Amino acid sequence: MDTKLTLYGFNNLTKTLSFNIYDVCYAKSEREQRDYIAYIDEQYNSDRLTKILVDVTDMIGAHILNISKQDYDPQGASVNILIAEGSLSSEHIDESCNQGKYLSNSRDTVHAHLDKSHVTVHTFPEHHPDNSISTFRVDIDVSTCGEISPLNALDYLIGSFDSDIITIDYRVRGFTRDVHGMKYFIDHDITSIQDYIDDHTLTRYDAIDVNVYQSNIFHTKMLIKEIELQNYLFNKDVYELPPKQRLDITNSLRKEMIEIFSGMNIY
């Protein structure tokens, strides 16, 4: 919309951005698979994920009230961040809130809870028992209520992870009213989620949209175009492998990606 809406009351539209990011790797031996899981657990520990969430909070114009974390045994952790849409004076902040002034050690799950909304990040590393393919999945949800939009952080979030397949959903729920009582079921123009992704990023992927415009539901799937095999080998040099094995591994990686991208078993 070209001009800012003059609202009756406050903007209570709920805008939710949800997506999965998958990173695929070839790890043949049991030790390589264990090492890959350990590498992912360290590379994407909760300190790094929390930093990402803090950056997202800043990008969407929210303010941190509280950060809490919990490690789990044998692996994993949770982080909860309470965030306000606008800044609050100190007398209005509960004394139990730390306002993000400490970050304790933890691992691979981050959850952020806004005062009207939430941000969550969960990681899921796993490996295939037969075909030597390991995958690392990141689930991210950013839900905001009011004027702030999670789309502002989309490109940053994509760039924060190595992504072979990306599945993105964006939807707007509820309605808000202007001063004349007219209901608005969306307060911004959007034709595709791709409009919020950097052009350079898009050139690396095949992308398709499945949108339901009348319901303010937008869906985009992205699949990496080129496979540079060295980037998918864990602790192994590509030139250690004979040409036929390189081709077989590349084909296995591509098949795994296509099935994840398609959301069904094909091969």
Side-chain angles (χ1 to χ4, degrees), residues 14-27 36-37 39-41 43-46 48-50 52-53 55-56 59-60 75-79 107-113 117-128 131 133-144 149-173 190 192-198 201-202 204-212 217-225 227 231-232 253-267:
T14 298
K15 306 159 190 173
T16 302
L17 179 71
S18 303
F19 57 104
N20 305 118
I21 292 174
Y22 294 89
D23 177 62
V24 181
C25 177
Y26 180 81
Y36 173 76
I37 298 298
Y39 165 79
I40 289 297
D41 200 41
Q43 182 72 9
Y44 295 101
N45 59 55
S46 69
R48 179 179 178 185
L49 295 176
T50 299
I52 292 172
L53 286 189
D55 290 343
V56 168
M59 288 177 183
I60 65 177
Q75 65 180 17
S78 293
V79 178
R107 297 182 185 170
D108 63 0
T109 302
V110 176
H111 170 257
H113 186 189
S117 316
H118 66 273
V119 182
T120 61
V121 181
H122 301 285
T123 63
F124 302 89
E126 63 93 35
H127 60 83
H128 193 288
N131 67 4
I133 301 295
S134 296
T135 60
F136 169 56
R137 181 177 113 230
V138 181
D139 288 353
I140 301 174
D141 287 274
V142 185
S143 181
T144 64
S149 173
L151 288 169
N152 297 334
L154 176 58
D155 200 57
Y156 167 76
L157 285 168
I158 291 175
S160 298
F161 302 91
D162 295 326
S163 311
D164 296 311
I165 307 100
I166 307 173
T167 303
I168 313 171
D169 294 287
Y170 177 68
R171 60 191 180 275
V172 181
R173 290 288 182 266
I190 177 175
S192 172
I193 294 171
Q194 296 185 50
D195 295 338
Y196 294 85
I197 302 174
D198 184 80
T201 300
L202 285 174
R204 299 174 51 232
Y205 293 88
D206 289 317
I208 62 171
D209 284 352
V210 182
N211 300 321
V212 186
I217 297 174
F218 306 87
H219 177 76
T220 297
K221 294 198 295 186
M222 302 164 60
L223 175 65
I224 197 76
K225 291 179 179 177
I227 294 180
N231 296 333
Y232 295 87
L253 290 166
R254 178 55 72 184
K255 289 179 179 179
E256 187 82 357
M257 293 179 191
I258 290 173
E259 289 193 335
I260 295 173
F261 177 76
S262 303
M264 64 181 69
N265 294 304
I266 298 174
Y267 301 98

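Note that these values count all heavy atoms, side chains included, but never hydrogens, waters or copies made by symmetry. As the structure is a computational prediction, the values presented were derived from the model and not from experiment.
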Is the distance from the ring center of Phe19 to that of Tyr170 below 6.0 Å?
no
Test applied, side chain to side chain contact (heavy atoms under 4.5 Å, CB included); reference residue, Ile165; option that passes from Ile224, Ile21, Ile260, Asp23:
Ile260
Sub-3.5 Å donor-acceptor pair from the side chain of [X] to the main-chain atoms of [Y], do we have one?
X	Y	result
Ser262	Ile258	yes
Glu259	Ile266	yes
Thr50	Arg48	no
Gln194	Leu202	no

Can you tell me how far apart CG (Leu157) and CE (Met59) are? Round to the nearest 0.5 Å.
7.5 Å
Would you please say whether a donor-acceptor pair under 3.5 Å links the side chains of [X] and [Y]?
X	Y	answer
Asp155	Tyr196	no
Asp141	Ser18	yes
Asp164	Tyr232	yes

Could you check Phe261 against Tyr22 for ring-ring contact (aromatic ring centres under 6.0 Å, His included), going step by step and ending with a plain yes or no?
CA-CA 9 Å; Phe261 177 76; Tyr22 294 89; over 10 Å; no
side-chain hydrogen bond (donor to acceptor under 3.5 Å, both in side chains) between Thr167 and Asn20, worked out
CA-CA 5 Å; Thr167 303; Asn20 305 118; 5.0 Å; no
Between Asp169 and Arg171, does at least one N-O distance fall below 4.0 Å, as a salt bridge requires?
no
